[in-house]
Every structure is written in structure tokens, then in C-alpha cells.
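The analysis underlying the following values was restricted to heavy atoms, covering all of them including side chains, and did not include hydrogens, waters or symmetry mates. Numbers for residues simply follow the sequence, beginning at 1.
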Amino acid sequence: MQGMRRRTLLSAAGGTAVAGGLLGAGSAQAAAPAAGGTAAADAAQGAAADGPRASGPYDRKIRELLGRMTVDEKFGQLQQLPWTWDTGPGGGETKAVEDAARKGRLGSVFSIFGAKTTNALQKIAVEESRLGIPLVFGLDVIHGMWTNFPIPLAQAASFDPEVTAVDAEVSAKEARSSGVHWTFAPMMDVTHEPRWGRIAEGNGEDPYLTSAFAAAKVRGYQGKDAKGAKDAKDAKGLKDKDRLAACAKHFVAYGGAEGGRDYNTVDVSESRLRNLYLPPFKAALDAGAATVMASFNTISGVPAHGNPHTLTEILKDEWGFDGLVVSDFTGVQELIAHGFAEDGADAARLSLNAGVDMEMTSTHFVENGRKLLRAGKIEQSRLDDAVYRVLQLKFQLGLFDHPYVEEKDEITEPSAAARKAARAAAARSMVLLKNEKSVLPLSAGASSIAVVGPFGDSDDLLGTWVIPASQEKFPAVKVVDAVKKAAPKAKVTYAKGVDAAGEDTAGIPAAVAAAKAADVTVVVVGEPPSISGEAAARSDISLPGAQEKLVEAVAATGKPFVVVLVNGRPLTLGGWLAKAPAVLEAWHPGTEAGHAIADVLFGTVNPGGKLPVSFPRTVGQIPIHYNHESTGRPYDPDNKYTSKYLDLPEGPQFGFGHGLSYTEFTLGAPRLSRPRVAAQALRKGDTLEVSVSVRNIGKRAGDEVVQLYVHDKAASITQPVRRLRGFRRVTLEPGEQTTVRFRLGAEDLGFWTNDTRGRFLLEPGAFDLYVGTSSAAKEKVTLTVT
């Protein structure tokens with residue numbers, strides 16, 4: 001969502017306490033009909049159409065309510081407006097929102113939180129509007145409310161979906177207690193573009209890994225899924241006071257933005273759309289995601305907000321999604337800037353007909369809806385379908401029965417348990433990129449430790465998309481403070497060296513002096529969170545400012561040192577990498593940043609994370625990703641006329657799935673349960689097993705992530721050289737061995753074609769199955785599909 005939404009956030013302070021107030025408790029008769037016509041005059045035109053929708057637990061109630069609504073009230077339900085920095089209901093900047101709620105011309109408000117504030121606004125909608133329909137409140141709870149977990153890209157590095165599920169559970173509990181019902185997360189935009197700032201919000205370059213994390217986060221936010229409930233009593237998930245409605249975003253292919261520039265063009269074939277970008281969304285919807293958000297980009301020339309192929313033909317018709325599709329921030333308005341719509345009325349027509357159900361921020365639906373309906377440019381059935389989806393979400397959330405939250409139960413700070421979970425998640429997400437001569441882990445008994453670098457004494461380590469009040473009240477634990485606590489007998493000194501983005505090197509001599517005087521130095525460098533995330537594309541993704549000079553200067557001392565990276569994207573690590581004995585990728589770790597980093601540095605936690613995205617050697621290599629297709633002239637170091645750069649080695653600096661440990665593991669040869677299987681049997685649901693033994697041959701307990709990759713050796717559409725189709729993170733004691741097993745079926749071996757109607761093929765032939773600890777795995781076994 002657009003970054004300006006951050007500026008509309010309201011702190012929990014302000015507002016008026018209210019109590020009670022249910023739909024039908026006198027509110028329906030209390031106010032005059034909505035502006036634009038009387039209720040009687042609109043009754044015929046506003047009546048709900050029967051439509052082909054399958055009956056759900058709230059179908060009767062929704063249709064009854066639809067039958068009572070005027071046209072203007074219906075379009076009002078499709079409107080979402082932002083809250084502001086004002087002091088609360090009754091303030092000058094909130095008047096437009098309050099007036100719309102009072103008139104029944106508003107369905108949702110976003111960037112609002114705080115039990116008193118949300119209750120006060122909800123009271124206006126429930127007790128002063130004609131029909132008393134409650135509002136649904138949304139907020140960007142991306143990786144935490146008060147307790148910030150590591151950024152989503154970091155969470156993916158854990159290769160453990162439970163990490164993201166716990167984040168969602170903690171976040172949902174904190175947010176729902178503050179009156180929030182709906183989060184605009186998870187983001188599941190697969191991308192091969194590290195220059196794109198929003199890579200921090202997603203799970204990297206692989207659709208399979210992203211799918212696993214998307215599904216886990218949806219389940220964490222929503223709890224028990226109400227999707228399959230037979231009646232209203234059984235639909236408990238979203239009604240729970242510690243759950244949120246999830247939003248699968250951004251639909252779709254946003255991660256393919258040209259040049260990594262936010263909001264930019266995406267030109268994509270149908271097969272790539274379906275094989276790379278769509279799978280995480282299908283996984284999220286299968287997990288029960290209640291809502292979907294349209295993306296800012298065009299998709300092969302058609303803006304996503306006006307794209308009936310993706311929003312209706314695929315999402316609603318092919319997949320049967322019966323939830324709510326919300327626009328992104330002014331996404332409907334932007335159809336005009338795209339050159340797709342002539343004016344606001346045209347933008348409303350195109351987006352509503354394409355499948356957008358609710359308009360965020362811009363107001364073209366409510367301003368032009370009645371005119372478009374009367375002119376036959378929007379069908380009554382389409383309007384009713386959109387309103388039905390909005391009302392259904394509100395019923396699923398239990399807002400008609402319980403529109404308010406208990407103010408005495410509001411969570412306003414991280415609990416000890418939440419901090420513990422965030423600390424564990426951050427440490428579990430860190431990736432040991434390099435560790436020569438076992439410099440790490442550090443000894444807690446060291447007599448002196450220097451911490452240098454702009455982020456060594458910084459509390460700005462929460463990452464992108466953090467609620468400003470959370471940043472102000474609960475900043476991240478500093479690395480230097482955590483090092484002092486982890487090594488209480490050591491003399492710990494700090495020298496900044498350089499600013500995070502400045503070119504001034506005047507502080508480097510002090511940092512060098514600190515390094516020379518210490519047994520070991522921890523150099524903490526990286527990106528400020530402000531230059532990752534939305535609207536934060538970088539053409540140069542090396543360490544900003546003079547940070548590389550700082551690392552080089554510390555290396556020149558000849559004293560032992562380690563580099564800790566805190567960043568929101570893959571970085572190009574430059575010439576200093578060869579001089580650094582050890583490098584720990586810590587990402588932006590969240591609230592417990594310092595403690596989690598110290599846990600890994602001192603070996604309390606043995607790092608087991610793996611890279612969910614490739615680290616390029618230089619920006620000139622981008623895009624570079626493990627799941628690329630071959631060419632007719634694949635790389636050959638001895639043949640100039642093959643696919644390569646003349647001035648770079650082949651491959652990334654660090655590839656997808658890479659990550660080291662303080663112990664060592666060996667894997668046996670992969671084994672197949674059977675070497676041949678019939679394609680017809682697979683299409684009917686048959687599966688086969690790939691297994692491999694893994695042993696810890698080191699002296700420490702540790703984690704290894706065993707990964708399975710598939711390569712279709714010959715297909716009617718060229719396939720990636722490898723596709724991740726299984727991963728398992730296992731913990732083993734020294735000398736312990738286990739067997740990891742993966743099951744493969746038709747969906748793991750087949751692919752989608754360029755047929756816009758959706759055609760999935762499983763073709764006979766040979767498949768190489770690679771099993772190892774990264775995408776560079778060499779051990780393989782061949783499966784024949786007949």
C-alpha cells in the first residue's frame with residue numbers, strides 16, 4: 001500500500017468510550033434515509049438479486065439486509081476511507097469519515113486503532129445510521145503491532161512456516177484488542193528484483209516457499225477457518241477476539257516490476273503468471289484468506305485494478321473465491337494515470353466490473369455509482385455481489401453481534417511472552433553467510449569486545465512497515481546493550497565510525513582504535529529501514545554511504561572481527577567480503593533485535609537459516625535467481641559464445657538456500673520409493689516418496705534445512721533448471737541421524753501452460769530430483785514418468 005497511509009495513523013489515545021449498541025436496537029429507525037433518494041424510491045432498484053452464489057452461514061441475513069438497503073447505502077458499503085492524525089471522533093480532520101458513517105455511506109476505515117477511538121467511531125455507524133451496519137477497521141499489521149517480529153523476508157529465511165504463524169498470532173491478538181479487525185497482510189509477491197524495496201515485505205524469489213509462508217500466516221491471523229462452516233455457530237475463526245481477517249496481496253505479479261521501481265509495469269506470459277506469481281495466492285485462499293488486495297501494476301498492459309482476467313476469471317470464477325477484493329491506496333483513481341480510464345466515472349466502471357469490491361481512499365464508486373447503474377454501465381447484480389462480499393466479511397467477524405471491543409482488555413505493550421517469541425523468531429531467521437576458521441561463535445569469556453558501525457548502537461532495527469507509535473514506544477534492543485549483557489565480564493566499547501548513509505569518514509579512526517584495543521570486533525552495518533519497503537527502490541544495493549570503508553579499515557587492523565548485516569533486501573557485498581572472516585545476515589530483526597543477534601553471535605542459538613533470495617555479485621547481474629530457465633547455450637566457462645558475463649563469475653555471490661552452521665552435516669544419496677510412475681496415476685492422486693538421510697557430524701547441536709528440487713528435463717514449455725518442491729528444517733544432536741521424507745505428486749511435476757483458461761500439464765519424461773542443503777545441491781536421482 002502507498003506509504004502515505006502511514007501518515008494517517010492515529011495513536012490509541014483519544015476518542016470516547018461507548019458501550020452496547022447492536023444492529024436492530026432502534027438504530028434502523030433512528031436516522032433519515034441516505035442522501036440521494038428515499039428508501040422507498042430506491043427499494044426496487046436496491047433489492048438484492050438472487051444470483052448464483054452458494055448459500056453460506058449468513059446468506060439469509062445478508063440477503064435480508066440487502067433488500068432493505070438503498071442504492072446509495074450499497075455503494076457506501078464499497079467505500080473505505082483513511083483515518084487521520086487528528087485527536088479522534090469529533091476532530092476537524094475526521095469529520096468527513098464521521099459524516100459518511102452517520103449517513104450509512106461508509107463500509108470501512110483503515111489506519112485506525114485504539115479501543116476508545118474505534119468504539120467511538122463504531123458507535124456513530126451502529127447507533128446513528130439508518131441501518132446500523134457496523135464498520136470494519138483495517139490496519140497494516142505486517143510483522144507486528146506492538147511486538148515487531150523480523151521482517152517477512154527474514155522470516156522466510158527460517159525455512160520454518162511456524163515462525164510466521166506465531167508472528168501472525170501475536171500480532172492478531174494485539175491488534176484485535178485495539179479494535180482492528182482486518183490486516184492488509186500477508187504480502188506474497190514473488191520477486192527476482194532485489195532493487196525493489198518491497199522485497200522486504202515478501203518471502204523472496206521462490207513460489208513454493210512463499211506459498212508455505214503465505215498459508216501459515218493466514219492461519220495464524222485467522223485461526224480456525226470459517227470457510228467450510230455449515231452454519232453460523234460453527235464459523236468461529238474470525239469472530240475470536242484474538243484473530244484478524246487476512247488479506248492476500250498484491251494481486252498479482254507486483255514483484256515483476258520493471259527495473260525494481262515501485263508501481264512499475266509488469267509484462268508477463270500466462271504461463272509465468274500461473275507458475276511463478278499465482279501459486280502463493282492460491283495457497284493463501286486454500287488456507288481461508290478472507291480478502292484479497294489488487295496490485296498497483298499493469299499486467300501485460302492491463303492495470304490490475306481493471307483486469308477482469310485476473311480478478312474475475314481466475315480469482316472469482318476459476319478459483320471460486322467468494323471473499324472481498326479491496327483496492328490498494330487510490331488504486332482505482334490511478335487507472336486514469338495509467339491511461340486506462342478517462343475519468344473517475346470510467347475508473348469506477350472499469351474496476352468494479354473487473355472485480356474490485358471495495359475502493360480504498362479515492363471515492364469514485366460512491367460519487368459515480370448511481371449514475372453508472374442507471375446508465376446500465378454497472379449491472380445491479382454486480383453491485384449486489386460486491387455489497388454481499390462486504391457484508392459477509394462483517395458477519396464472519398461477528399461485528400453485527402459484537403461491534404465494540406472491551407477497552408479494559410486492550411493490549412498496549414509487548415508482553416514478556418510476545419518478546420520471547422519475537423526474539424526466538426529473529427534468531428531462527430538469521431543466516432550465517434561465512435565463517436572462516438570458526439571465528440563464530442564468540443566467547444562470552446572474552447576480556448574485551450568492540451562494537452562498531454552505525455547500527456551497533458541503534459534502536460532503529462524494526463524494519464519497514466512499523467506502526468509509528470510502536471517505533472516510538474518500543475524501539476528495538478540495541479546490539480551493544482545486548483553484547484554487554486551476553487558477555488558481562490568483558491569490556492565492551494562502542495564507536496560509530498560512520499553514519500548510516502553519510503560519506504564522512506572522520507569517525508573511522510576511533511573505530512579502528514577500538515578494534516585494535518579489543519580481542520574481537522563486531523561490525524554492525526546495513527540499511528536504515530527507511531530505505532527498504534514501499535517506495536524505496538535502490539539502483540545501488542551496496543552498503544550505503546561510507547560503511548564499506550569502515551569495514552575495510554577494521555579489516556586492515558588484522559584483528560579478528562565479524563560483520564553483522566541489518567538490511568531489508570539482498571545486498572551486493574563488495575570487495576570487503578573477501579577480507580571478513582565471518583558474516584551474519586541478521587536482516588531487520590524487530591523488537592528483540594539486539595538480543596537475538598547476541599544469541600547467535602555467542603552461540604546460544606546455532607544459526608540454521610537459509611537465504612530465501614539470491615545475493616547478486618553486482619547490480620549488473622540482476623535479475624539473478626536460482627529458478628531461471630536454461631538457454632540454448634548455457635554457461636560454459638571455456639566457450640565465449642554461451643550465456644554469461646565477461647567480467648563476472650557465474651552465479652550469485654550467495655545462492656538461494658545457502659546458509660552455514662556452527663556444526664556440520666552430511667546427507668546421504670537421495671532414494672526414490674519407485675523409479676517409474678504413470679502420469680495417469682499421478683493425475684488421479686498417486687504420489688511417490690523421496691527420502692534422504694542427514695547426520696550431524698559436528699560437535700554441537702544444530703539445525704539443517706534439507707531441500708528438494710525438481711527439474712523436468714524436457715517439456716513442451718521450457719522449465720526452470722530447478723524448482724523447490726520440498727523443504728524440512730531438522731534439529732540434530734551431535735552424531736544424531738534422521739531420515740527426511742518428501743512426497744511428490746502431479747502438482748510438483750507438472751506446469752501451467754499459456755492457455756488463459758488455465759491448463760495444467762503433466763507430461764511423460766525424465767525428471768531430475770536434487771536433494772541437498774541449498775539450490776546448488778549436486779546429489780540427484782532420476783524419476784521417469786510414463
Side-chain angles (χ1 to χ4, degrees), residues 153-163 203-206 208-210 212-213 427-436 438 440-441 570 582-585 600 605-615 624-627 650-672 689-711 720-744 748 768-781:
L153 183 62
Q155 293 182 31
S158 72
F159 274 69
D160 178 6
E162 183 62 19
V163 165
N203 301 124
E205 68 188 40
D206 181 75
Y208 184 87
L209 182 68
T210 300
F213 275 76
R428 195 165 179 79
S429 301
M430 293 179 191
V431 183
L432 184 60
L433 298 179
K434 183 179 180 182
N435 192 23
E436 291 180 352
S438 299
L440 289 174
V583 181
L584 177 67
E585 174 57 79
V600 175
V605 173
N606 189 347
K610 303 284 185 175
L611 292 180
V613 61
S614 302
F615 274 46
I624 184 163
H625 44 93
Y626 92 91
N627 47 355
E650 173 66 1
Q653 187 73 68
F654 295 107
F656 178 90
H658 170 78
L660 306 177
S661 171
Y662 296 153
T663 189
E664 187 177 355
F665 300 89
T666 60
L667 270 64
R671 299 182 299 275
L672 267 174
E689 181 182 272
V690 183
S691 61
V692 64
S693 63
V694 54
R695 179 188 293 274
N696 181 350
I697 61 172
K699 297 180 180 180
R700 290 174 174 265
D703 288 6
E704 183 57 280
V705 179
V706 183
Q707 302 160 44
L708 170 66
Y709 296 88
V710 170
H711 176 225
V721 294
R722 295 189 184 189
R723 292 190 297 140
L724 181 71
R725 296 309 299 176
F727 61 89
R728 189 79 45 78
R729 182 163 175 163
V730 295
T731 303
L732 296 175
E733 295 294 325
E736 186 179 3
Q737 176 175 313
T738 191
T739 299
V740 175
R741 304 177 189 279
F742 302 104
R743 297 216 69 84
L744 287 177
D748 302 299
D768 286 333
L769 311 179
Y770 294 86
V771 180
T773 59
S774 79
S775 58
K778 298 188 183 302
E779 291 288 337
K780 68 178 181 179
V781 64

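Side-chain atoms of Arg728 come within 3.5 Å of backbone N or O of Arg741 as a donor-acceptor pair. Although no hydrogens or angles enter the test, the distance criterion places no donor-acceptor pair under 3.5 Å between the side chain of Arg722 and the main chain of Tyr770.
Looking only at atom types and distance, the side chain of Tyr208 has no donor-acceptor partner in the side chain of Asp748 under 3.5 Å away.
Between Phe665 and Val706, every side-chain heavy-atom pair lies at or beyond the 4.5 Å cut-off. Side-chain contact check for Ser429 versus Val163: some heavy-atom pair is nearer than 4.5 Å. Residues Asp703 and Asp160 form no side-chain contact, since every pair of their non-hydrogen atoms from C-beta on lies 4.5 Å or further apart.
Using a 30° and 60° split on the angle between ring planes, Phe654 and Phe615 fall in the perpendicular class, above 60°. The aromatic rings of Phe656 and Tyr709 stand perpendicular to each other, their planes meeting at an angle above 60°, with 30° marking the opposite boundary.
The one candidate from Thr739, Thr738, Val771 that meets the side chain to side chain contact (heavy atoms under 4.5 Å, CB included) condition with Val692 is Val771.
Interatomic distance, Asn203 CG to Gln155 CD, rounded to the nearest 0.5 Å: 7.5 Å. From Asn627, atom CG reaches atom OG of Ser614 across 8.0 Å, with rounding to the nearest 0.5 Å. Between atom CD of residue Glu733 and atom OG1 of residue Thr663 there is a gap of 10.0 Å, rounded to the nearest 0.5 Å. Atoms CZ and CD, on Arg671 and Glu689 in that order, are 9.0 Å from each other to the nearest 0.5 Å.
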Item to check | Val600 and Tyr662: CA distance, side-chain angles, deciding distance, side chain to side chain contact (heavy atoms under 4.5 Å, CB included) verdict | outcome: CA-CA 10 Å; Val600 175; Tyr662 296 153; 3.8 Å; yes

Next on the checklist: As a quick check of understanding, evaluate side chain to side chain contact (heavy atoms under 4.5 Å, CB included) for His658 and Leu433, giving each step before the final call.
Outcome noted: CA-CA 7 Å; His658 170 78; Leu433 298 179; 4.1 Å; yes

Checklist entry - Yes or no on side chain to side chain contact (heavy atoms under 4.5 Å, CB included) for Leu672 and Val690, after CA distance, side-chain angles and deciding distance? => result CA-CA 5 Å; Leu672 267 174; Val690 183; 3.8 Å; yes

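Of the charged side-chain nitrogens involved, at least one lies within less than 4.0 Å of a carboxylate oxygen, so that Glu704 and Lys610 count as a salt-bridged pair.
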